[in-house]
Protein chains: 2
Amino acid sequence: MTPLHHRIRRDIESRIMSGEWRPGHRIPTEAEWMAAYACSRMTVNKALRSLVQSGLLESRKRAGTFVSAPRFHRAALEIPDIRAEVMEQGLSYRLDLLHRERRPATEEDKALLRIPDGELLAIQCRHFAEDLPYALEHRLINLSAVPEAADVDFSAEPPGSWLLAHVPWTEAEHRITAINADPATAKKLEAPENTACLALERWTWRGQERITYARQLYPGDRYALTAHFHA
Amino acid sequence: MTPLHHRIRRDIESRIMSGEWRPGHRIPTEAEWMAAYACSRMTVNKALRSLVQSGLLESRKRAGTFVSAPRFHRAALEIPDIRAEVMEQGLSYRLDLLHRERRPATEEDKALLRIPDGELLAIQCRHFAEDLPYALEHRLINLSAVPEAADVDFSAEPPGSWLLAHVPWTEAEHRITAINADPATAKKLEAPENTACLALERWTWRGQERITYARQLYPGDRYALTAHFHA
DNA sequence: GACTCAATAATGTATATACATAAATGGACC
DNA sequence: GGTCCATTTATGTATATACATTATTGAGTC
């Protein structure tokens, strides 16, 4: 037996999806749904609130509940944990630590990590899938926020995976763009000079504390991000 | 007055965010929360279910409610309506229709739109911001799903904006990658040959019906996608 | 010790009710 | 006609209660 509030939700959804109820349309009141399904208001309310939370409906006191304007431009983007993603494809994963340095934040570091001052860990590494470079990563880790990171051997575990497992929760901001590989980058990625690369930058924090900044370059012909949206 | 279930939700969130409760930790039962806040179980339940829906908690009958494994790799990506985005930046927008053709689906069209057969509208256009090409767009519109599109003058309104306003609801899938501009593309974008471009492909449908396929190329130095995640 | 099965404890669903809140409505008044 | 204000109506929050569901626990049995 599917719960009643799921059925109500589904029924409303399909009225919207079919185009019967266009954006802006005022749907029946909770009292009317109660009558239609011979159920209590709480049950109707549960269905409606869930649709409101997922963005399909909007409700205003006194006025009623309305179909939202469609916004299919909002999609859930899966930002990958590179190691997990490579291994999911059945490929062998290898990490190559190019550089690792503990240092007081330079002006550039401060701007990227958005911190006023402090010590950090700067890492450069390459992610390999099946002996082909998959991504080149620059990373800064704020040691005042994550002091344990100072003692981690990032030649074995990729910094992203380690942080994902050890830093309890985060907010994150991403910036995605395309850039041409300069000669040094191209060499490290074993790709032709000027190859178009997907550049994925990520800023992560917990509460007010800045945790890490990462910049990953993926050769465009070896990688694509996918995002999916559905109501 | 902030509602009680919001306060409970916030309190649980901050326990998780601070790292006090790590992923896998079993949080107090609903009965214990009831006692702690001297409120009814429905109120506690509302807070917990909202946290479950947003992915911070998971609950299993009989066993209890647990902190989820962090997944900060899930971010909300804002897929732009190009015209709206350009104009939001205070720049002038101009559309340049390069090609428009009504035709039975070719083999390639069928593969892209993922339809078995039918008639479609194929469009190629350029989006300008302040007299500089901002994006080059190829688009296919399935005329069996959206017959009205056949009569629309897409030299005035960009196909994306028109569809957003006229097709009631959709599912969408996106693919983001980086490619080098070939000579013809570079010329149309008024960018140097081989310029790294962000390629954004989008498949859209409503129920089972395929609506449209779009492929937009943005010169990497003129554009970046951003995505934000927060609990 | 290993299997069976009933008791138990947690979440999941649902009802009925009450009062709070906010905005649209409509009437009284100038 | 326009302004003010009380009324009305829809959603928002919350309580108290009941029974369903399901995985764990633990006792009893072989």
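Below, chain A is the first sequence line, B the second, and so on; all start at residue 1.
Within the 4.0 angstrom heavy-atom criterion, no nucleotide atom of any strand lies near Leu48(B).
In this structure a side-chain-to-backbone donor-acceptor pair under 3.5 Å is missing from Thr177(A) to Ala199(A).
Looking at residues 29-44 of chain B, you'll see Thr29(B), Glu30(B), Arg41(B), Met42(B) sit with a heavy atom under 4.0 Å from some atom of DNA chain C.
Residues satisfying the salt bridge (charged side-chain N to carboxylate O under 4.0 Å, His left out) test with Arg215(B), not counting sequence neighbours, are none. Residues that satisfy the salt bridge (charged side-chain N to carboxylate O under 4.0 Å, His left out) test with Arg210(A), not counting sequence neighbours, are absent from this structure.
In this structure, the CG atom of Leu51(A) is 13 Å from the P atom of dT11(D), given to the nearest Å. Rounded to an integer number of Å, the gap from NZ of Lys46(B) to C1' of dG12(D) is 7 Å. The nearest whole Å value for the distance from the CG atom in Asn45(A) to the C1' atom in dA18(C) is 15 Å. Atoms CZ (Arg9(A)) and C1' (dT13(C)) sit 16 Å apart, rounded to a whole Å.
Applying the side-chain hydrogen bond (donor to acceptor under 3.5 Å, both in side chains) definition to pairs two or more places apart or across chains, those involving residues 112-122 of chain B are Arg102(B)-Glu119(B). Residue pairs satisfying the ring-ring contact (aromatic ring centres under 6.0 Å, His included) criterion with at least one member in residues 1-21 of chain B, sequence neighbours excluded, are listed as follows: Trp21(B)-His25(B).
Note on Arg49(A): every side-chain N or O is 4.0 Å or more away from OP1 and OP2 of dT11(D).
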For nucleotides 21-27 of chain C, tabulate all protein N/O to nucleotide N/O atom pairs closer than 3.5 Å, reporting atom names and distance.
none

